[in-house]
Participant: 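Before anything else, here's the structure in question.
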Amino acid sequence: MKAVVKTKRAKGLSLVKVPNPVIGPREVLIKVNNASICGTDVHIYDWTRWAQQRLSPPRILGHEFVGTVAEVGEEVTVVKVGDCVSAESHLTCGHCYQCNNGNAEVCRNFKLLGVDHDGTFAEFFVLPEHVLWKNSPDIPLEWATIQEPFGNAVDTVMVEDVAAKTVLILGAGPIGLFAAGIAHACGASLVIVSDPNDYRLAISKKMGAHAAVNPRKEDVVGLVMEATKNIGVDVVLEFSGNNQALNQGLKVITPGGRISILGIYERRVNIDLNKDVIFKKVRIYGITGRKIFSTWYKTSRFLSTGMVDPGPVITHRFPLKDYEKGMKLMKDGKCGKVILTVSP
Ligand code: NAD
Ligand code: ZN
């Protein structure tokens, strides 16, 4: 079969022919219909410091997908050949302290699909059945492809309620854009999105943002304070991984408000903990992965009912062989989600 593989410890990827994978008794062979590109895949492409420490080639990339069950192991009970599936990309162990206490998203032994386990940029790949998610037939295939990053946004927005609250979203990458749609659907009274990328700010408006701010051209703190009549926002959602943006968020959060942080920072961050967090009684939530599987149920409901239309965020589609075009677009930022079609 054909697959996009990190073949060596250097920049770039290769489209190569590899043997079809073989399944074990509790495993499932999945034929990939679509796979989407995540920032993690770009890090691996670029062979950043993080990738060098984290990944051992050869590895087939990709962890976001929609596919069809092609074969099941003899002990598999929950899916059958022909089912339309996606999956949790954190391949959890199911027996550690965290897994046993309802915190499987921080499983101590999890393997990451497309990083520690061959991934979705291939015609076929294998998963243990316990991470599979059967897709609702009411969700279009393209939308089903992006449920994994959509789930990140669901948890970042919904860790506390946002109804009738004011929300600032920092970073309008695909996940921040999904969050704008989710916050709007959950009844936020004001959603402001900040990003230096005007292409992405325009998409945020389509996702339900009331206002879009470019921090390179405008005063984010001043505009947010004005829009909230000097109260500040109840909720900040941090998706930029940028220290300056984080500080803007902490400045405009109203005392007693909350911030959820999904963005990942290249370096240690510098914040005024006393002034901007402790004496303001701000609640900080670190968000990682998705709740397994409660977040998937919410995601499925948002998408199957049309409560959130992720369509504007899905901006480009390429056949798998043109993965380089997708990687380039992601690096230039002139895109939302990029989908690679494998077996449409
Ligand atoms: P992305 O890189 O596409 O989006 C980040 C956005 O932040 C970009 O549009 C960029 O222009 C914007 N940005 C940069 N500087 C900014 C500033 N000063 N102010 C406002 N915006 C700024 O990423 P994504 O795929 O949407 O993911 C969002 C973040 O979440 C990333 O940092 C990613 O690494 C992280 N992430 C975390 C998890 C987790 O489990 N914690 C999972 C997936 C992604
Ligand atoms: Zn575990």
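Remember, it's 1-based here, ligands and their atoms both numbered in the order they're listed. All values below come from the heavy atoms of this structure, side chains included, with hydrogens, waters and symmetry mates left out. This structure is a prediction, so every number in the text was calculated from the model and none was measured.
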Participant: Taking atom 16 (C) of ligand 1 as the point of reference, which of C335, G263, P196, G151 owns the nearest heavy atom?
Facilitator: P196
Participant: What do you reckon, does G289 have a nitrogen or oxygen under 3.5 Å from a nitrogen or oxygen of ligand 1?
Facilitator: yes
Participant: Can you confirm whether more than 12 heavy atoms, excluding those of K80, are under 6.0 Å from its NZ atom?
Facilitator: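 No, the 6.0 Å shell around NZ holds no more than 12 heavy atoms from other groups.
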Participant: Can you pull out the closest protein heavy atom to atom 42 (C) of ligand 1? Residue, atom name and distance to 0.1 Å, please.
Facilitator: N152 OD1, 3.7 Å
Participant: Taking both backbone and side-chain atoms of Q244, is any N or O found less than 3.5 Å from an N or O belonging to ligand 1?
Facilitator: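 No, no N or O pair falls under 3.5 Å.
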Participant: At the 4.0 Å heavy-atom cut-off, does S194 count as touching ligand 1?
Facilitator: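 The answer is yes: ligand 1 sits under 4.0 Å from a heavy atom of S194.
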Participant: Do any N or O atoms from the side chain of K280 and from the backbone of L250 form a donor-acceptor pair under 3.5 angstrom?
Facilitator: yes
Participant: Looking only at heavy atoms, is any part of M330 under 4.0 Å from ligand 1, and if so is it the side chain, the backbone, or both, or is it neither?
Facilitator: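 No part of M330 is near ligand 1 at this cut-off.
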Participant: Would one find an N or O of N197, backbone or side chain, under 3.5 Å from an N or O of ligand 1?
Facilitator: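 N/O-N/O distance under 3.5 Å: no.
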Participant: Using the rule side-chain contact (heavy atoms from CB on, under 4.5 Å), only one of I146, T145, L177 pairs with P310; which is it?
Facilitator: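 When side-chain contact (heavy atoms from CB on, under 4.5 Å) is applied between P310 and each of I146, T145, L177, only I146 qualifies.
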Participant: To the nearest 0.5 Å, how far apart are CZ in F293 and NZ in K134?
Facilitator: 12.0 Å
Participant: Which distance, rounded to the nearest 0.5 Å, do you find between the NE2 of H210 and the OG of S204?
Facilitator: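 So the gap between those two atoms works out to 11.0 Å.
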Participant: Is atom CD of E75 surrounded by more than 12 heavy atoms (other residues, nucleotides or ligands) closer than 6.0 Å?
Facilitator: yes
Participant: List the atom of M207, the atom of F178, and the distance in Å for their closest heavy-atom pair.
Facilitator: CE-CA, 4.5 Å
Participant: Angle at the Zn ion (ligand 2), SG of C99 to SG of C107, rounded to 10 degrees, please.
Facilitator: 110°
Participant: Return the residue, atom name and 0.1 Å-rounded distance of the protein heavy atom closest to atom 4 (O) of ligand 1.
Facilitator: G173 CA, 3.3 Å
Participant: Counting only heavy atoms closer than 4.0 Å, does ligand 1 sit against the backbone of I264, its side chain, both, or neither?
Facilitator: both
Participant: Is the centre of the W133 ring less than 6.0 Å from the centre of the Y297 ring?
Facilitator: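 So the answer is yes for these two rings.
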Participant: With heavy-atom distances below 4.0 Å as the criterion, list the atoms of ligand 1 near R200.
Facilitator: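 By the 4.0 Å cutoff, the relevant atoms are 3 (O), 4 (O), 8 (C), 9 (O).
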Participant: Kindly indicate whether atom 2 (O) of ligand 1 is approached by any protein heavy atom to under 4.0 angstrom.
Facilitator: no
Participant: For atom 28 (C) of ligand 1, what is the nearest protein heavy atom, given as residue, atom name and distance?
Facilitator: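 For atom 28 (C) of ligand 1, the nearest protein heavy atom comes out as F239 O, 3.2 Å.
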Participant: State plainly whether the residues K291 and E105 are in salt-bridge range, i.e. N to O under 4.0 Å.
Facilitator: yes
Participant: Hey, what do you get for CG (L168) to CG (D234), rounding to the nearest 0.5 Å?
Facilitator: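 Here the interatomic distance stands at 11.5 Å.
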Participant: Would you compute the distance between atom NE2 of H316 and atom CG of D322 and round it to the nearest 0.5 angstrom?
Facilitator: 12.5 Å
Participant: Can you tell me which residue and heavy atom of the protein come closest to atom 39 (C) of ligand 1, and the distance to 0.1 Å?
Facilitator: L262 CD1, 3.6 Å
Participant: Kindly confirm or rule out an N or O of D195 lying under 3.5 angstrom from an N or O of ligand 1.
Facilitator: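 Between D195 and ligand 1 (N or O atoms, distance only) the closest approach is under 3.5 Å.
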Participant: In degrees, rounded to 10 degrees, what angle do C96 atom SG and C93 atom SG make at the Zn ion (ligand 2)?
Facilitator: 110°
Participant: Looking at atom 23 (O) of ligand 1, tell me if a protein heavy atom falls under 4.0 Å from it.
Facilitator: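 There is no protein heavy atom less than 4.0 Å from atom 23 (O) of ligand 1.
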Participant: Looking at atom 15 (N) of ligand 1, what's its closest protein heavy atom, distance included?
Facilitator: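 Protein heavy atom at minimum distance: N242 ND2, 3.6 Å.
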Participant: Would you please indicate yes or no on a ring centroid separation below 6.0 angstrom for F65 and F125?
Facilitator: yes
Participant: Checking the side chain of D83 only, and the main-chain atoms of V85 only, is there a donor and an acceptor separated by less than 3.5 Å?
Facilitator: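 Pair absent, no side-chain N/O of D83 close to backbone of V85.
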Participant: Can you name the atoms of ligand 1, numbered from 1 with element, that are less than 4.0 Å from a heavy atom of A245?
Facilitator: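 Reading through ligand 1 atom by atom, the close ones are 17 (C), 18 (N), 19 (N).
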Participant: Any nitrogen or oxygen of I175, main chain or side chain, under 3.5 Å from a nitrogen or oxygen of ligand 1?
Facilitator: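 By distance alone, the answer is yes.
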Participant: Short N/O distance, under 3.5 Å, between I287 and ligand 1?
Facilitator: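 It does: an N or O of I287 is found under 3.5 Å from an N or O of ligand 1.
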